[in-house]
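Proteins get letters first, then strands, A, B, ... in listed order; numbering begins at 1 in each.
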Number of protein chains: 2
Amino acid sequence: MGQEIKPAVRTARRSAKGPTVADVARLAGVSAMTVSRVINNEGNVLPETRERVEAAIAATGYVPNPAARSLASGRQRRIALLHANPSAAYLSEFLVGSLAEASACDAQLLVEHCSESEPTAALVARLRSHNIDAALLPPPLADDGALLAALKAEGILMAQVATGLPASFAHAVSIDDEGAAMDITRRFIAAGHRRIGFIAGNTNQTASALRRAGYERALTEAGIAIDGDLIAQGDFTYRSGLDAAAKLLALPQRPTAVFASNDDMAAATVTAAHRAGLEVPRELSICGFDDTAIATTVWPELTTVRQPIADMARRATRLLVEAIDAGAAATAPRHELLKFTYIERGSTAPPAGV
Amino acid sequence: MGQEIKPAVRTARRSAKGPTVADVARLAGVSAMTVSRVINNEGNVLPETRERVEAAIAATGYVPNPAARSLASGRQRRIALLHANPSAAYLSEFLVGSLAEASACDAQLLVEHCSESEPTAALVARLRSHNIDAALLPPPLADDGALLAALKAEGILMAQVATGLPASFAHAVSIDDEGAAMDITRRFIAAGHRRIGFIAGNTNQTASALRRAGYERALTEAGIAIDGDLIAQGDFTYRSGLDAAAKLLALPQRPTAVFASNDDMAAATVTAAHRAGLEVPRELSICGFDDTAIATTVWPELTTVRQPIADMARRATRLLVEAIDAGAAATAPRHELLKFTYIERGSTAPPAGV
DNA sequence: GCAAGCTATGATAGCGCTAACACAAAAAGG
DNA sequence: CCTTTTTGTGTTAGCGCTATCATAGCTTGC
């Protein structure tokens, strides 16, 4: 009889979790929607309202719940990290950087290995089925024109990392490879070296050409003739470095310094020098590129140029997240250059007798 | 006048996304809740009902929406991958494995670097603030007793990877280090080697002791006396391998084979042999451990034992996810052993003159 | 033979957030 | 001056799933 007694509001399911939009809204004296607008940086919010909400967010220590967000918005940011055997050291640093940014931005990172044998079409189909929004392309994939075109055709956003030739339709993050190579070469010249060998990198990576261009430009600038004999072709592997260095060191007038296009080949050059009975750096200066782990593994440790791989990965990931969010409001792809750092270690010195 | 006309149900927000529990429920002729029960493998579902639901799931191609799941259940699985400079190659493979499993299980992976200088307490506090449920511990962290204890005290689940000494309260995934070391040593013996050098690994990793034990056991088993002079201490770095190898090769009666506790030190042994004018493998056989990238970088390529690092990371991640889900129903920690593989390359041969 | 205890299932009400619409107040336009 | 448009904000209704409670049917036990 009479009214049924309404049961007391059930105790909340969640147990003492963080504050929600509602809490913030109450404190700021606005609706939850307005809080949402502020969080998502939407327009049409009075500056003073925005401030009030931001103060409330700070006061409550509110952090948006990503699950609720993506459920409500139906949005999701899935980024594939495509890789085809770059060196493990490179990949590892890259992964750490992009994973950090991805989780900070609440994006999902999928790591996909691309064997060279797999047809591009199959790969793209695989990405499609995983519902990928964007792809992160470290070298050498960043320079795979067919892949870039296929991704573009599928409407998958992409970011090329460390490419020498950014595509007009892709985001890109690189360092100034040519400038770095010039820097190294100039330093050799300034130290008194005149016969400077160069070990080129794999031609399937555009950065290789830039590094060579930097080397040549620095020589020209200093009035030193470019000598084809001093340029040996490598492919970024230790093995190729061994052969290239052997060729340079066998020259009747051998170089007093060698600039290898990456650390693996520079390390190989150290080994080749030792085999040839040359002391490094007294009789041969050697400089690498990238500052990967091998640079400090060999003896003497390599002078090299540090590429901020993790930072590059972070930036590239961020660019993709922003591009995904922009969605239809497609912003023009951005091409960023990050700073490199010359790192002097024990493998370089002025030429003997200077 | 008359009834207001109810506006037609607004078109769904989502645009042609996949099927939901409701779709499956309708097809199976049950309620959404029952579908949920089946998905989550809960009890109290009639076998035949379960079957019907499973058929419906297969028919519709239903895939649970992780965001909705974690929003509704309030659950989340946050796993931290703690690392303190293992080799880049190791970390990279590890990351790929655990990331793959984490995204398959819908867990969030946070990568945290632990500098040795950071007090354990500070690290643990950091994890707490990130709301970490579990931690993945690759070596050498897997053997850091203080860290293990601190994590346990905080109620953070953990999985040790490649440890030689699993804690009673932690999950662990390893290979049979001792067995692998025995295998290598036995093969040397079978090939005719009698003076077999050993380069031990860093004593801060328990696997080091196991590898040494395996080496000694194989010798004893073959009736070969253990000669302390043939055992050199290293610390897993290339540099330490250089010194250790130099010491072994300087012995009045030098070994015809050297078993290094990891590939870096084995690679260093190759270099030391070359410096000493010894041909590998004719005059000196060398075997490494781990099969990291450096094994195929040096010349000749290293014979070694492959540790399935990515698989171990995958398994460990899976164990943690299951442990998190078990929650209060704390299952006993599991300790798993994965298979290793002996990989014969160019750095080993029977001793000269046999 | 009926209270007490199971078991299998369903109904309901959110989880925290945001899309879509509603609506006042202000600005712009003729 | 009265439309139109714009702007800032609020209201409502879910997103897809699961915790919780309700409810049938079935066992038990004395």
Side-chain angles (χ1 to χ4, degrees), chain A residues 4 6-26 28-53 56-57 60 62-76 106 325 327-328, chain B residues 4 6-26 28-53 56-57 60 62-76 106 325 327-328:
Chain A
E4 271 197 274
K6 274 256 188 72
V9 174
R10 188 196 314 159
T11 65
R13 200 133 85 199
R14 67 208 186 72
S15 50
K17 281 218 263 188
T20 74
V21 266
D23 300 317
V24 175
R26 204 172 312 117
V30 299
S31 75
M33 203 52 229
T34 301
V35 175
S36 172
R37 290 194 178 100
V38 171
I39 298 169
N40 293 293
N41 246 314
E42 284 175 27
N44 294 1
V45 177
L46 234 41
E48 61 175 60
T49 309
R50 181 179 296 273
E51 261 175 49
R52 209 138 37 84
V53 171
I57 289 176
T60 54
Y62 167 77
V63 178
N65 177 325
R69 230 157 36 140
S70 77
L71 178 58
S73 65
R75 233 184 294 136
Q76 63 178 347
D106 188 38
D325 288 354
Chain B
E4 270 196 274
K6 274 256 187 71
V9 174
R10 189 196 313 159
T11 65
R13 201 133 84 198
R14 67 208 187 71
S15 50
K17 282 219 263 189
T20 74
V21 266
D23 300 318
V24 176
R26 204 173 312 118
V30 298
S31 74
M33 204 50 230
T34 301
V35 175
S36 172
R37 290 195 177 99
V38 171
I39 297 168
N40 293 292
N41 245 312
E42 283 175 27
N44 293 0
V45 177
L46 236 40
E48 62 175 59
T49 310
R50 183 178 296 274
E51 262 175 50
R52 210 140 35 84
V53 171
I57 289 176
T60 53
Y62 167 76
V63 177
N65 177 325
R69 224 138 74 120
S70 78
L71 177 58
S73 65
R75 236 183 292 135
Q76 63 178 349
D106 188 38
D325 289 354

| request: Describe the nucleic acid contact of Val35(B) in one word from base, sugar-phosphate, nothing, applying a heavy-atom distance below 4.0 Å. | output: nothing
| task | Assign Thr34(B) to base, sugar-phosphate, or nothing according to its heavy-atom contacts below 4.0 angstrom with the strands shown. | result | sugar-phosphate
Take the protein atom [atom1] of [X] and the nucleotide atom [atom2] of [N], then report the distance between them rounded to whole Å.
X	N	atom1	atom2	answer
Asn40(B)	dT20(D)	CG	P	14 Å
Asn41(A)	dT18(C)	CG	C1'	15 Å
Glu48(B)	dT9(C)	CD	P	8 Å

| How large an angle, rounded to 10°, do the end axes of the helix from dG1(C)-dC30(D) to dG30(C)-dC1(D) enclose when each is built from five base pairs? | 30°
[X] side-chain N/O to [N] phosphate OP1/OP2 under 4.0 Å:
X	N	answer
Asn65(A)	dC15(C)	no
Thr20(A)	dG16(C)	no
Arg75(B)	dA19(D)	yes
Ser73(B)	dT18(D)	no

| request: Select from Met33(B) and Arg37(A) the residue whose nearest nucleotide in DNA chain C is closer to the 5' end of that strand. | output: Met33(B)
| query | Does Arg37(B) use its side chain to pair, donor to acceptor, with the backbone of Glu42(B) at less than 3.5 Å? | reply | no
| query | Quick one: does Thr49(B)'s side chain have a donor or acceptor within less than 3.5 Å of a partner on Val45(B)'s backbone? | reply | no
| request: Give the minimum heavy-atom separation between Thr60(B) and Pro19(B), together with the two atoms involved. | output: O-CG, 3.4 Å
| field | Where Thr20(B) and Tyr62(B) come nearest, the two heavy atoms and their spacing | value | C-CE1, 3.6 Å
Look for any protein N or O under 3.5 Å of an N or O in nucleotides 6-8 of chain D and output each such pair with its distance, or none.
residue, atom, partner, partner atom, Å
dG8(D), OP2, Asn44(A), OD1, 3.0

